[in-house]
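The structure under discussion appears below in the form of structure tokens.
Order of appearance sets the numbers: ligands from 1, and atoms from 1 within every ligand. Throughout, numbering of the chain's residues begins at 1 and tracks the sequence.
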Amino acid sequence: MSHSTTNTSDVLDLDSLLNTDELELRQRVRDFADQRIRPNIARWYEDAVFPRELPAELGELGVLGMHLEGYGCPGRTAVEYGLAAMELEAGDSGIRTFVSVQGSLAMTAIHRWGSEDQKLEWLPRMAAGEVVGSFALTEPTAGSDPSSMASFARRDGEGSDAGWVLDGSKRWIGLASIADVMVVWANTEDGIRGFLIPAGTPGVTVTPIGSKLSMRASIQCDVEFDGVRLGPEALLPGADGLRGPFTCLNEARYGIAWGAMGAARDCYESALEYARSRMQFGKPLASYQLTQEKLVNMHLEIQKGTMLALHLGRLKDAGRLRPEQISAGKLNNVREAIAIAREARTILGGNGITLDYPPLRHANNLESVRTYEGTDEVHLLVLGNHLTGIPAFRG
Ligand SMILES: Cc1cc2nc3c(=O)[nH]c(=O)nc-3n(C[C@H](O)[C@H](O)[C@H](O)COP(=O)(O)OP(=O)(O)OC[C@H]3O[C@@H](n4cnc5c(N)ncnc54)[C@H](O)[C@@H]3O)c2cc1C
């Protein structure tokens, strides 16, 4: 059963903290989620389909690379980007994931670290959704610790027109099987560098990962690089070391702090609607104190998490957002969203385990969200380091 998000309750009146542009943008993305995602998502999820027509529609909506300026990018604020992530993830985390991979990861890498030619070649078409990008950092043996990556690009020739030969493998690469261009991070003699690899480059093999119980309406792939020859123009000239990919990851993590609250809100709203109409022991479930406690606790955490995301957004727009603050937002909001999704599922009883209702789909998706862009443990360690001054990543 689908339900509308228009009856969102807002006890703390957080909407009063948003300006007219922000409210208008949110409504537009909410309408898109209601019309394009909500009616179809159960089928896409069950069939494990990422709808190929969505990138162009999301480009038209203006949410691809929306926080970036110039080169056909929408140039919206961080808060607007967050609100869009929230509404899209209320539809499904897999759709918000596409927008994050395209805009926060692949486009940010090109916008921040690319040459003028690279920006002109890729960004306008990526903003329009005509071209899909992917971002390949994780490897089969290098996840939380990307500094241990084994992919290696060696110099091919000498002088300024020397190219590269890339060998290695990547895992969990979003959209890789449909991507027109892949941002690939690899070690070189000079440390970690980024490369742009167009689809169809010889020596690249992409295999979608099947049997997923999470993020089913989205694609992740294994990628192999076997003696891949790249010209000098493939290098992202500005990226040097792990700061290259980490800058992009911070953009995506920020969006997740908002997005997770969208998934949580969708779960809460479906549980609230169900509890009002489902009769047991002669009364609606919503009339029982135990149910009201669940709904109140969910609502409070959603409001607190949304306020946190908005605070991060205002800091980001003021140019003052720090990495440990992003960790606080990503850790807290995804952790609370999973708890809310599971609690909402209990209110739906047996019906809650079906795809007719969103909570278990969201809960399953959020297992991926808590894992990518830094696991809970990684963000705990970032915050632990910040509080104690002692890095504990290496035991
Ligand atoms: C749906 C999905 C989409 C993804 N999309 C992309 C993508 O587009 N591009 C990309 O490059 N990657 C992507 N990833 C990969 C993702 O970023 C990694 O899965 C993540 O970084 C964790 O790495 P790992 O899975 O190898 O787990 P590991 O790093 O092996 O971690 C396993 C467990 O050990 C814990 N752990 C690790 N180190 C420590 C420590 N020092 N102390 C305590 N605990 C620790 C972790 O927190 C985790 O609980 C995606 C993953 C998923 C599931």
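A cation-pi arrangement is absent between Arg229 and Trp164 under the rule of less than 6.0 angstrom and at most 45 degrees off the ring axis.
Taking a cutoff of 4.0 Å between a charged side-chain nitrogen and a carboxylate oxygen, Glu46 and Arg361 do not qualify as a salt bridge.
Taken together through direct or relayed side-chain contacts under 4.5 Å among Ile, Leu, Val, Met, Phe, Trp and Tyr, Tyr254 and Val382 form parts of separate hydrophobic clusters.
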Open item on the list: Applying ring pair (Phe, Tyr, Trp, His ring centres under 6.0 Å) to Trp172 and Tyr372, what does each step give before you reach the verdict?
Closed with: CA-CA 9 Å; Trp172 291 116; Tyr372 65 32; 9.8 Å; no

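Residues Asn297 and Glu301 have side chains that never bring a donor and an acceptor to within less than 3.5 angstrom of each other.
Counting heavy atoms of neighbouring residues, nucleotides and ligands inside a 6.0 Å radius, atom CG of Leu387 exceeds 12 of them.
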Quick check for students: name every N or O atom pair between ligand 1 and the protein closer than 3.5 Å, with distances.
from: ligand 1; atom 1: 5 (N); to: Trp172; atom 2: O; distance (Å): 2.9
from: ligand 1; atom 1: 8 (O); to: Gly174; atom 2: N; distance (Å): 3.0
from: ligand 1; atom 1: 9 (N); to: Phe135; atom 2: O; distance (Å): 2.8
from: ligand 1; atom 1: 11 (O); to: Leu137; atom 2: N; distance (Å): 2.9
from: ligand 1; atom 1: 11 (O); to: Thr138; atom 2: N; distance (Å): 2.8
from: ligand 1; atom 1: 11 (O); to: Thr138; atom 2: OG1; distance (Å): 3.2
from: ligand 1; atom 1: 12 (N); to: Thr138; atom 2: OG1; distance (Å): 2.7
from: ligand 1; atom 1: 29 (O); to: Ser144; atom 2: N; distance (Å): 2.8
from: ligand 1; atom 1: 29 (O); to: Ser144; atom 2: OG; distance (Å): 2.7
from: ligand 1; atom 1: 41 (N); to: Phe393; atom 2: O; distance (Å): 2.9
from: ligand 1; atom 1: 47 (O); to: Thr375; atom 2: OG1; distance (Å): 2.6
from: ligand 1; atom 1: 47 (O); to: Glu377; atom 2: OE1; distance (Å): 2.7
from: ligand 1; atom 1: 49 (O); to: Glu377; atom 2: OE1; distance (Å): 3.3

